[in-house]
Structures are given as structure tokens and as C-alpha cells.
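Below is one structure, written out as C-alpha cells; comments come after it.
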Amino acid sequence: MDRNLVQEVVLGAVLLDRRGYDVAKSLVCLDDFVGSYKAVWSSFEGLEDKGLGIDLVTVTNELKTQNLLDAKGGAYFVAALNKQVTSNG
């Protein structure tokens with residue numbers, strides 16, 4: 001299976017249902033992701049550490065706060081992660 005697709009499905013599932021993060025973090029870690037996907041997973045971890053929700057808005061804002069949003073594909077990239085889950089699940 002394509003590594004990018006796997007990363008997109010994992011991240012997209014968490015964005016669709018925050019409870020997916022608890023499952024995913026027991027199976028994967030930051031080092032399992034690369035590039036933009038790694039930045040998104042890192043934002044999940046940061047939001048979790050802060051006790052904030054994980055969703056499209058908070059992740060986009062977290063990446064923006066870290067000056068990573070545009071460099072990692074912008075809000076469109078983050079929003080498109082959901083597409084892989086809905087089209088493959």
C-alpha cells in the first residue's frame with residue numbers, strides 16, 4: 001500500500017473523529033510520518049498536550065501558529081485528508 005495513502009487515511013480518520021487519535025497513537029508515532037504528514041501528526045500531539053480538541057479548525061490554526069501551514073500545503077492540504085477516508089472507507 002502507498003505510504004502517502006496510509007498517512008492520509010490515518011490523519012483523515014483522526015480529523016473526522018477525534019477518538020481515532022487514541023487508537024492511532026497506540027499504533028503509530030511521529031517518526032512513522034514524513035513531510036507535511038509529520039507536521040500534521042505533530043500538531044495533533046501538541047493539541048492533545050494542551051487539552052484542546054483535534055479537528056480541521058484547531059489543526060489548521062496550530063500549523064498557522066507554528067508558521068507551518070503554508071509550507072505544508074495550506075488549509076487545503078489539511079482539509080483534503082478527510083477525502084481519503086471518505087473515499088476509501
Side-chain angles (χ1 to χ4, degrees):
M1 185 176 247
D2 178 11
R3 181 178 184 163
N4 286 346
L5 178 60
V6 172
Q7 293 175 106
E8 290 169 8
V9 170
V10 169
L11 297 174
V14 173
L15 287 170
L16 286 175
D17 185 345
R18 187 261 169 256
R19 293 172 295 180
Y21 178 73
D22 294 328
V23 174
K25 74 178 181 181
S26 70
L27 302 170
V28 298
C29 67
L30 185 61
D31 291 336
D32 293 321
F33 296 91
V34 296
S36 297
Y37 305 110
K38 191 170 202 162
V40 173
W41 184 262
S42 179
S43 74
F44 290 176
E45 292 178 333
L47 291 165
E48 175 78 1
D49 289 346
K50 295 174 187 174
L52 300 173
I54 297 172
D55 59 40
L56 183 59
V57 173
T58 58
V59 170
T60 301
N61 287 338
E62 182 74 5
L63 291 170
K64 191 175 191 179
T65 299
Q66 297 172 6
N67 294 317
L68 293 175
L69 184 62
D70 292 333
K72 300 303 178 187
Y76 176 80
F77 171 79
V78 179
L81 294 170
N82 289 340
K83 180 180 175 192
Q84 290 301 344
V85 176
T86 57
S87 67
N88 286 301

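Considering CG of Leu68 and CG of Leu63, their distance stands at 6.0 Å, rounded to 0.5 Å. Considering CD of Glu45 and SG of Cys29, their distance stands at 8.0 Å, rounded to 0.5 Å. Here the OG1 atom belonging to Thr60 is positioned 8.5 Å from the CG atom belonging to Asp55, to the nearest 0.5 angstrom.
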**Q.** Full working for salt bridge (charged side-chain N to carboxylate O under 4.0 Å, His left out) between Glu48 and Lys25
**A.** CA-CA 11 Å; Glu48 175 78 1; Lys25 74 178 181 181; 3.7 Å; yes
Q) Hey, mind stepping through Asp32 and Lys38 against salt bridge (charged side-chain N to carboxylate O under 4.0 Å, His left out) and telling me if it holds? A) CA-CA 8 Å; Asp32 293 321; Lys38 191 170 202 162; over 6 Å; no
Q: Walk me through it: do Val34 and Arg3 pass the test side-chain contact (heavy atoms from CB on, under 4.5 Å)?
A: CA-CA 9 Å; Val34 296; Arg3 181 178 184 163; 3.3 Å; yes
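Nearest approach of Val10 to Ala24, heavy atoms of both residues: CG1-CB, 4.1 Å. Taking each heavy atom of Glu62 and Leu47 in turn, the nearest pair found is OE1-CD2, 3.8 Å.
Under the 4.5 Å side-chain heavy-atom criterion for Ile, Leu, Val, Met, Phe, Trp and Tyr, Leu27 and Ile54 are members of the same hydrophobic cluster. Side-chain heavy atoms closer than 4.5 Å link hydrophobic residues (I, L, V, M, F, W, Y) into clusters, and following such links, even through other members, never connects Val57 to Tyr21.
For Ser43 (side chain) and Val40 (main-chain N/O), a donor-acceptor pair under 3.5 Å exists by modelled atom type.
Under the ring-ring contact (aromatic ring centres under 6.0 Å, His included) criterion, the residue pairs touching residues 42-73 are Trp41-Phe44, with sequence neighbours excluded.
Side-chain contact check for Leu15 versus Val78: some heavy-atom pair is nearer than 4.5 Å.
There is a side-chain donor-acceptor pair under 3.5 Å between Tyr37 and Glu8.
In this structure, Asn61 has no side-chain hydrogen bond (donor to acceptor under 3.5 Å, both in side chains) partners at least two apart in sequence or on a different chain.
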